[in-house]
Each structure stands twice: as structure tokens, then as C-alpha cells.
Amino acid sequence: MTQLRQSQLRIHDARENHRIRLIIDGDRQAFHALVREYHPLAYSVALKTLNDQQDAEEVVQDAFIKIYQLLVDFRGEASLKTWILRIVLHLSLNRRRDRSRSAWHRLGLHRADTCNAESDEVSGTTISVYETPETLCISREDRCMLRRLVDELPQHLRKVLVLNSFDELSYEEISRILEIPLGTVSSRIYAARRKLLNKLANGELF
Amino acid sequence: MTLPPRKRNRLGANLSANIDGELDDECAAELSKELRFDDRLQQQRCNLEQIAFLTNAALTSSHRVDSRRSADQILRAIDMTPSARTHSRIQSLLRPAVLASVGLLVTAGLALAGMRRGGLIRR
């Protein structure tokens with residue numbers, strides 16, 4: 001790691017530590033700023049894991065309440081971002097597990113909902129839909145079907161694939177969030193892609 | 001020549017990591033040597049690139065959240081959860097209190113042991 005990067009990290013850590021101190025001492029504005037900073041990424045992780053806007057919003061709200069409660073115990077062994085995403089992912093996977101036990105999911109009735117999940121309705125905190133270059137390149141139906149295929153991957157593969165879809169998360173950060181070795185991140189991403197390719201080859205998409 | 005499964009998997013994982021820009025320079029150079037004359041490997045790389053692109057496109061959400069409004073809602077939820085409000089404060093006071101108690105107990109124990117040895121206290 002270069003000296004410049006090391007010194008940037010130290011400054012970043014010092015700023016984070018200062019902000020954590022303020023929040024523990026009851027500074028609401030500091031916590032509000034922390035939520036504003038990390039909410040978009042946290043929400044995206046929850047949404048990609050759960051494939052449901054309402055569930056994602058609820059999970060992220062629960063996650064930040066938990067973060068507020070647990071911040072006093074934060075020891076700084078991982079960065080704040082890693083720690084926050086770990087909590088969000090953990091709660092998202094719990095919600096997913098609880099959801100899968102419902103009769104609705106056991107009967108596979110959620111699949112219709114999943115494909116219709118991208119509604120244009122604006123919820124309390126969701127801004128209206130807009131198309132990005134990524135979303136424009138494939139049709140809505142194909143996107144829906146691909147999401148279903150990703151959804152059906154084993155959990156240990158799905159987690160890494162979802163996290164890898166974020167440009168701002170490197171393999172190293174993914175390995176810290178999931179607490180698995182770097183080599184495992186790489187091999188799981190490859191395994192997940194291979195599984196998806198096999199499903200496409202077997203005509204499961206089109 | 002068919003590669004053993006372990007080497008094939010490692011090569012595949014390197015291809016996949018290279019697509020994500022996660023391969024170090026040495027491995028990337030080795031990989032590009034392997035790719036140069038291996039059509040099958042090139043096809044595999046192509047397939048992995050496509051699936052990586054499609055997966056990322058499929059997972060990209062077209063919804064954005066209003067972070068400010070979300071933060072307001074979360075703070076309101078915290079205000080309505082008494083345990084969340086007091087938890088932080090109690091936890092921050094608990095640790096020094098626990099340390100102080102343990103310290104007192106240890107000191108008292110040592111003092112007691114010393115007084116017994118000195119015959120000031122009978123068993």
C-alpha cells in the first residue's frame with residue numbers, strides 16, 4: 001500500500017472516529033449525516049439481496065437503528081462502511097430466510113411479484129424510476145428473469161455476486177464484509193457466473 | 001491437452017477476476033500469455049464477460065432513494081424506540097462502571113489476603 005493511501009486511510013479513520021464519538025455523545029446531526037452518506041449503498045445491497053423494495057426499506061431502517069444502538073461497541077477492526085454493510089447484509093439474509101418460510105414463497109407465488117417488483121410507484125422515500133445505461137441494455141423481462149436466476153443461486157454464491165455488482169466494492173472489501181478469504185471471493189464469483197452460464201445454455205432464460 | 005480440474009478452475013477464476021480488474025499485474029500477464037493462442041479460453045473469457053455484464057445490468061436498480069428523507073424517518077423511528085435511545089448512553093457508561101467495580105473487587109481481595117497473612121484477620 002502506498003504511503004499516500006496509508007495517510008489517506010489514517011485521516012479517514014480519524015474522521016470516522018470523531019464522527020462516532022459525536023454520535024455516541026448524542027449528536028443527532030452527526031448520525032443524520034452518517035445515514036445520508038451510507039443509506040444509498042445500504043439500500044442497494046438490501047434491494048439486490050431481497051429483490052423487494054418494501055422489504056429493503058424496512059431492513060435498512062432496522063439496520064440503522066441497530067447501528068445506532070451498537071455504535072458504542074464499534075471497535076474499528078473493520079472500517080465503518082464494512083461494518084455497516086455487514087449488518088445490512090446479515091439483516092437482509094435473515095429477512096430472506098424468514099420470507100422463504102412463508103406459504104407465499106413456499107408455493108412459488110412470489111415469483112410473479114418479483115417480476116412485477118419494478119413498479120413505477122413512488123414510495124415514501126423512493127424517488128421515481130429512471131433508466132440508466134445498464135438498465136437500458138436489456139429488456140425488463142430479461143432483467144426480471146436474470147434476477148430470478150441470481151435469486152436461485154446458493155446463498156454463498158449469491159452474496160458475493162450481489163456485492164460484486166457494486167463498482168465501489170473491491171474483492172478485498174467483499175472479503176472483509178463477508179469475513180472470507182480473498183481467494184474464496186474470487187472462486188465463488190467465478191462459480192456463480194459459471195452456474196448462470198450453464199442455466200443460460202440450458203435455455204432457462206429465454 | 002485437457003487441464004486437470006483444479007488448474008482449470010484456477011484459470012477460470014483468474015479469467016473472472018481479470019474481468020473485474022482484480023488480478024495483479026503478474027497474474028494478468030501470465031493470463032494474457034495463456035489467452036493468446038487458446039481459442040477455447042478466449043471463448044470462455046467472452047462468455048464470462050457477457051454474463052458479468054448482464055448480471056450487473058440485471059441487478060442494477062433503477063430506483064433511487066431520498067437519503068435525507070430516509071435519515072429523517074430513521075431518526076423518528078429511533079425517537080419512538082426508547083431502548084434505542086437509552087441503549088447507547090447506558091452502554092457507554094457501563095464499561096467504565098464495570099471496570100471500576102472489577103478494580104475495587106481486586107483491590108479489596110488483595111487487601112483481605114494481606115490482612116490475613118499479617119494475622120489481622122482470623123479465618
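A note on names: the letters A, B, ... follow the listed sequences, proteins ahead of strands, and every chain is numbered from 1.
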[X] side, atom [atom1]; [Y] side, atom [atom2] - distance, nearest 0.5 Å:
X        : Y         : atom1 : atom2 : value
Ile51(B) : Lys195(A) : CD1   : NZ    : 13.5 Å
Leu54(B) : Asp142(A) : CG    : CG    : 8.5 Å
Ser70(B) : Tyr43(A)  : OG    : OH    : 8.5 Å
Leu11(B) : Tyr190(A) : CG    : OH    : 8.0 Å

Which residue out of [options] racks up the most heavy-atom pairs below 4.5 Å with chain B?
options                                 : result
Lys66(A), Arg188(A), His32(A), Gln61(A) : His32(A)
Val150(A), Leu196(A), Leu197(A)         : Leu197(A)
Leu47(A), Val162(A), Asn164(A)          : Asn164(A)

Glu22(B) vs Ser186(A), side chain to side chain contact (heavy atoms under 4.5 Å, CB included): CA-CA, chis, key distance, verdict: CA-CA 9 Å; Glu22(B) 291 282 347; Ser186(A) 179; over 6 Å; no
Please report the closest heavy-atom contact between [X] and [Y], naming both atoms and the distance.
X        : Y        : result
His39(A) : Val65(B) : ND1-CG2, 3.5 Å
Lys48(A) : Leu59(B) : CE-O, 3.1 Å
Pro40(A) : Ser67(B) : CG-OG, 3.3 Å
Arg28(A) : Asp79(B) : NH1-OD1, 2.8 Å

Whether over 12 other heavy atoms sit under 6.0 Å from [X] [atom1]:
X        : atom1 : value
Lys81(A) : NZ    : yes
His18(A) : NE2   : no
Gln54(A) : CD    : no

Side chain, backbone, both or neither: which part of Gln44(B) has a heavy atom under 4.5 Å from chain A? side chain
For a side chain to side chain contact (heavy atoms under 4.5 Å, CB included) check, start with the C-alpha distance between Thr55(B) and Arg193(A), then their side-chain angles and the critical distance, and finish with the verdict. CA-CA 9 Å; Thr55(B) 310; Arg193(A) 286 172 174 165; 5.6 Å; no
So that I can tick it off, tell me whether Arg36(A) and Asp72(B) are bridged by a salt bridge, with the cut-off set at under 4.0 angstrom between side-chain N and carboxylate O. no
Go through Phe31(A) and Ile78(B) one step at a time and tell me if the side chain to side chain contact (heavy atoms under 4.5 Å, CB included) criterion holds. CA-CA 11 Å; Phe31(A) 186 67; Ile78(B) 287 171; 3.5 Å; yes
Heavy-atom contacts under 4.5 Å, residues 101-111 of chain B to chain A: none
Taking heavy atoms only and a threshold strictly under 4.5 Å, list by residue number the residues of residues 24-31 of chain B that touch chain A; give 'none' if the list is empty. none
Side chain / backbone / both / neither for [X] at chain B, heavy atoms under 4.5 Å:
X         : result
Leu34(A)  : neither
Tyr171(A) : both
Ser44(A)  : neither

Indicate whether the side chain of Asn47(B) and that of Arg194(A) have a donor and an acceptor atom separated by less than 3.5 Å. no
Looking only at Leu15(B), Ile74(B), Ile19(B), Leu23(B), most heavy-atom pairs under 4.5 Å shared with chain A are made by Ile74(B)
